[in-house]
Amino acid sequence: VMENCTLDFADGSAQAGAGIQVKEIAAISMGSTLRFVNLRVDGDGGAILFAGATLVMANSTLTVASCWAASDGGALYFNTVGQNTITNSSVTMRDCRAGSRGGGVVAQQGDIL
């Protein structure tokens, strides 16, 4: 749970989810500012990867810029069975790329965004 936080991730790399990788739990952000810039991954989810996890975001600001994934989801990658909810929030994705699918967002396995 993140509430009223500012998180700034820049200039990093990883195998997957260079900024945040969440597995098997719920991630909740309320009133927070999340910024991901110039992140690179060899797999999925340039900035954020959710696998078996659910995102609930409210009253937050999410910015993803210049992020890249060699496979899927240059900015965000969701592989969950459930409902991911973003309400009353500002989401900006700019100049994100993927080697395969979804320069911005990939959602699969029954995801609801």
Side-chain angles (χ1 to χ4, degrees):
V1 174
M2 294 178 282
E3 191 170 341
N4 300 317
C5 298
T6 298
L7 299 175
D8 196 347
F9 300 90
D11 304 317
S13 63
Q15 180 62 36
I20 295 176
Q21 187 176 129
V22 182
K23 293 186 174 186
E24 308 300 329
I25 60 170
I28 300 171
S29 171
M30 295 204 264
S32 297
T33 299
L34 307 168
R35 184 175 169 264
F36 302 88
V37 178
N38 197 31
L39 300 174
R40 306 276 187 261
V41 296
D42 295 331
D44 299 321
I48 302 173
L49 180 136
F50 282 88
T54 302
L55 170 67
V56 177
M57 180 182 290
N59 305 312
S60 296
T61 300
L62 171 64
T63 302
V64 183
S66 300
C67 291
W68 182 81
S71 190
D72 295 335
L76 308 174
Y77 179 86
F78 294 94
N79 187 1
T80 60
V81 178
Q83 185 167 344
N84 298 290
T85 307
I86 299 173
T87 56
N88 298 322
S89 296
S90 172
V91 177
T92 302
M93 290 180 223
R94 182 177 67 251
D95 194 30
C96 294
R97 295 186 172 96
S100 186
R101 302 179 298 154
V105 178
V106 166
Q108 60 184 21
Q109 302 298 329
D111 281 316
I112 301 171
L113 294 177

* Is there a chain of hydrophobic side chains (I, L, V, M, F, W, Y, each step under 4.5 Å between heavy atoms) that links W68 to I20? -> no
* Asked: Counting only N and O atoms by type, is there a donor-acceptor contact under 3.5 Å from the side chain of N84 to the main-chain atoms of L55?
  -> yes
* Between C67 and G46, which heavy-atom pair has the shortest distance, and what is it? -> CB-C, 4.4 Å
* Structure fact -> Rounded to the nearest 0.5 angstrom, the CD-CZ distance for Q21 and F50 is 10.5 Å
* Mind checking what makes side-chain hydrogen bond (donor to acceptor under 3.5 Å, both in side chains) contact with R94, not counting sequence neighbours? -> none
* **Considering all heavy atoms, the nearest M93-A75 contact** => SD-CB, 3.8 Å
* Asked: Of all residues at least two apart in sequence or in a different chain, which pass the side chain to side chain contact (heavy atoms under 4.5 Å, CB included) check with S32?
  -> M2, C5, S29, S60
* Are L34 and V37 joined in one hydrophobic group, where the rule is that I, L, V, M, F, W and Y side chains link up if heavy atoms are under 4.5 Å apart? -> no
* Asked: Does the side-chain contact (heavy atoms from CB on, under 4.5 Å) test come out yes or no for V91 and I86, once each step is laid out?
  -> CA-CA 9 Å; V91 177; I86 299 173; 4.0 Å; yes
* Between D95 and R97, is there a salt bridge with N-O shorter than 4.0 Å? -> yes
* Residues which pass side-chain hydrogen bond (donor to acceptor under 3.5 Å, both in side chains) with N88, listed by chain and number, not counting sequence neighbours -> none
* Structure fact -> In this structure, OG1 of T33 is separated from CG of L62 (nearest 0.5 Å) by 10.0 Å
* Using the rule that two of Ile, Leu, Val, Met, Phe, Trp, Tyr join whenever any of their side-chain heavy atoms come within less than 4.5 Å, decide whether V41 and F9 are in one cluster. => no
* Structure fact -> d(N59 CG, N4 CG) to nearest 0.5 Å is 9.5 Å
* **Atom pair CE (M57) and OG1 (T87), whose distance is rounded to the nearest 0.5 Å** => 9.5 Å
* Please check if the side chain of D72 supplies one atom and the backbone of S100 the other of a donor-acceptor pair under 3.5 Å. => no
* For N38 and S66, does a side-chain donor sit closer than 3.5 Å to a side-chain acceptor? -> no
* Structure fact -> Which of D8, V64, T61 passes side-chain contact (heavy atoms from CB on, under 4.5 Å) with R35? It is D8
* To do: Indicate the atoms forming the closest heavy-atom contact of C96 with G74, along with that distance.
  => CB-C, 4.3 Å
